[in-house]
Number of protein chains: 2
Amino acid sequence: MTHDTRRWEQQISQAGYRVTRQRALVLDAVCAGRGHTTLTEVAGRVRRRDRTVSRSTVYRALHMFVATGVVVQADTGDAEPYYEIARETPHHHLRCRDCGWEGEITADDLSALEETVRDRYGFVVNTDHLVLFGQCAACQSRSQS
Amino acid sequence: MTHDTRRWEQQISQAGYRVTRQRALVLDAVCAGRGHTTLTEVAGRVRRRDRTVSRSTVYRALHMFVATGVVVQADTGDAEPYYEIARETPHHHLRCRDCGWEGEITADDLSALEETVRDRYGFVVNTDHLVLFGQCAACQSRSQS
DNA sequence: GTCGTTGTTGCCAATCTTCGCAACAACCGG
DNA sequence: CCGGTTGTTGCGAAGATTGGCAACAACGAC
């Protein structure tokens, strides 16, 4: 269990949503994916626990959780989007175009960029879960040889 | 016309793809969207010029152009993805969560972040067309009052 | 605990996107 | 210019996602 039950219940009910059995199942299914999951995996896990839950409900619950910030969504662009439980400290992803390797970077790593954007454009960046594409260390040395 | 015909023909044929009438139509349709377009708009423009072009072809052409780097795709996450002709100098987007305002930043603005990531993680960032969410200057002053 | 209000769910239909396949056309070599 | 090879297209089907609606359930008030 990577999420605190009290927390998300309060979070969505403050936003005017109700706490339902189906939504709990969906959130559990997101947690069950170590780190990140795809929609397909979530739907599968929910169905295994309760096959009366409709597919639409999974879609709707996931969207609602993303809208309320309980779950965070990362669009990798070339694959299915990832879902994961939002953590206290936001983080971002690295993804190698060659081998598919994935890494994480902290929000601190973005602070310089955020300052630049604020100074030059007056815009306050507030993004969670960016995905940066590029080439990992291993693939760099491999492609040099 | 925002794209050079010679350029893209060479670019895709070097990648092993063929230059076809349908693909030219799709690319023209992307150009026709000042700056950026959605898939729906592209399909509409293509159909207006030649209603025998199938919907699947538009999907496939767009994917192929993105894969070869002729067209660039920006996933805003909460809306339809944008497509636009790739420029010589890559750029990125800002998007205000409150009013939907959109701005552009240059690739230079990311250089500090790229250095940080390379130093700390040995990862070379190579991302085009990032979308940074946040709050624009106007909405900041409005929400302060 | 019971009731009433109102958001939610499941089902089914509509829509969007992808896939498989046979006919077609781009491109190469002669 | 012509024929052969092979990627591409259009079509119809399959699969994925969204939307409408009536029955249902959460939750606040009593």
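Just so it is clear: chains get the letters A, B, ... in the order the sequence lines come, proteins before strands, and each one is counted from 1.
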Visitor: Do we see a donor-acceptor contact under 3.5 Å between the side chains of Asp50(A) and Thr52(A)?
Guide: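 Yes.
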Visitor: Find which nucleotide of DNA chain C each of His63(B) and Arg18(B) is nearest to by heavy atoms, and output the residue with the more 5' nucleotide.
Guide: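 Nearest nucleotide further toward 5': that of His63(B).
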Visitor: Starting from P on dT18(C), measure out to CZ on Arg60(B) and report it in whole angstrom.
Guide: 11 Å
Visitor: May I ask you to list the residues of residues 9-16 of chain A, by number, that have any heavy atom positioned under 4.0 Å from an atom of DNA chain D?
Guide: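 None, since no heavy atom is under 4.0 Å.
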Visitor: Hey, is the main chain of Ser54(B) close enough, under 3.5 Å, to the side chain of Arg47(B) for a donor-acceptor pair?
Guide: no
Visitor: With a 3.5 Å cut-off and no angle check, do the side chains of Glu9(B) and Tyr17(B) form a donor-acceptor pair?
Guide: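 Checked: Glu9(B)/Tyr17(B) side chains show no N/O donor-acceptor pair below 3.5 Å.
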Visitor: Does a side-chain N or O of Gln22(B) approach OP1 or OP2 of dA25(C) to a distance below 4.0 Å, or not?
Guide: no
Visitor: Heavy atoms of chain A, cut-off under 4.0 Å: which first and last nucleotide of DNA chain D, 5' to 3', fall inside that, if you could look?
Guide: dA16(D) to dC27(D)
Visitor: Between SG of Cys96(A) and CG of Asn126(B), what distance do you get to the nearest 0.5 Å?
Guide: 10.0 Å
Visitor: Would you classify Ser56(B) as touching base, sugar-phosphate or nothing, given that sugar-phosphate means primed atoms plus P, OP1 and OP2, and contacts are heavy atoms under 4.0 Å?
Guide: base
Visitor: If we ignore angles and hydrogens, is there a donor and acceptor under 3.5 Å between the side chains of Tyr121(A) and Asp109(B)?
Guide: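 Per modelled atom types, Tyr121(A) and Asp109(B) side chains form a pair under 3.5 Å.
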Visitor: Can you work out whether Tyr59(B) or Val19(B) has the more 5'-proximal nearest nucleotide on DNA chain C?
Guide: Tyr59(B)
Visitor: Would you tell me whether Thr40(B) and Glu80(B) have side-chain atoms, one donor and one acceptor, within less than 3.5 Å of each other?
Guide: yes
Visitor: Holding to side-chain hydrogen bond (donor to acceptor under 3.5 Å, both in side chains), I want the full list of residues that pass it with Gln11(A), two or more places apart in sequence or in another chain.
Guide: none
Visitor: Taking atom types as they are modelled, is there a donor-acceptor pair under 3.5 Å from the base of dT17(C) to the side chain of Arg55(B)?
Guide: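 It does not, because no donor-acceptor pair links the side chain of Arg55(B) to the base of dT17(C) below 3.5 Å.
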Visitor: Quick one: Gln73(B) CD to dT17(C) C1', roughly how many Å, whole number?
Guide: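 Distance check: Gln73(B) CD to dT17(C) C1' gives 13 Å.
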Visitor: Any chance the side chains of His129(A) and His92(A) put a donor and an acceptor closer than 3.5 Å?
Guide: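 Note: His129(A) and His92(A) side chains miss the donor-acceptor criterion.
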Visitor: Whole Å only: how far is the CZ atom of Arg21(B) from the C1' atom of dC27(C)?
Guide: 17 Å
Visitor: More than 12 non-hydrogen atoms from neighbouring residues, nucleotides or ligands closer than 6.0 Å to CZ on Arg7(A), yes or no?
Guide: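 No.
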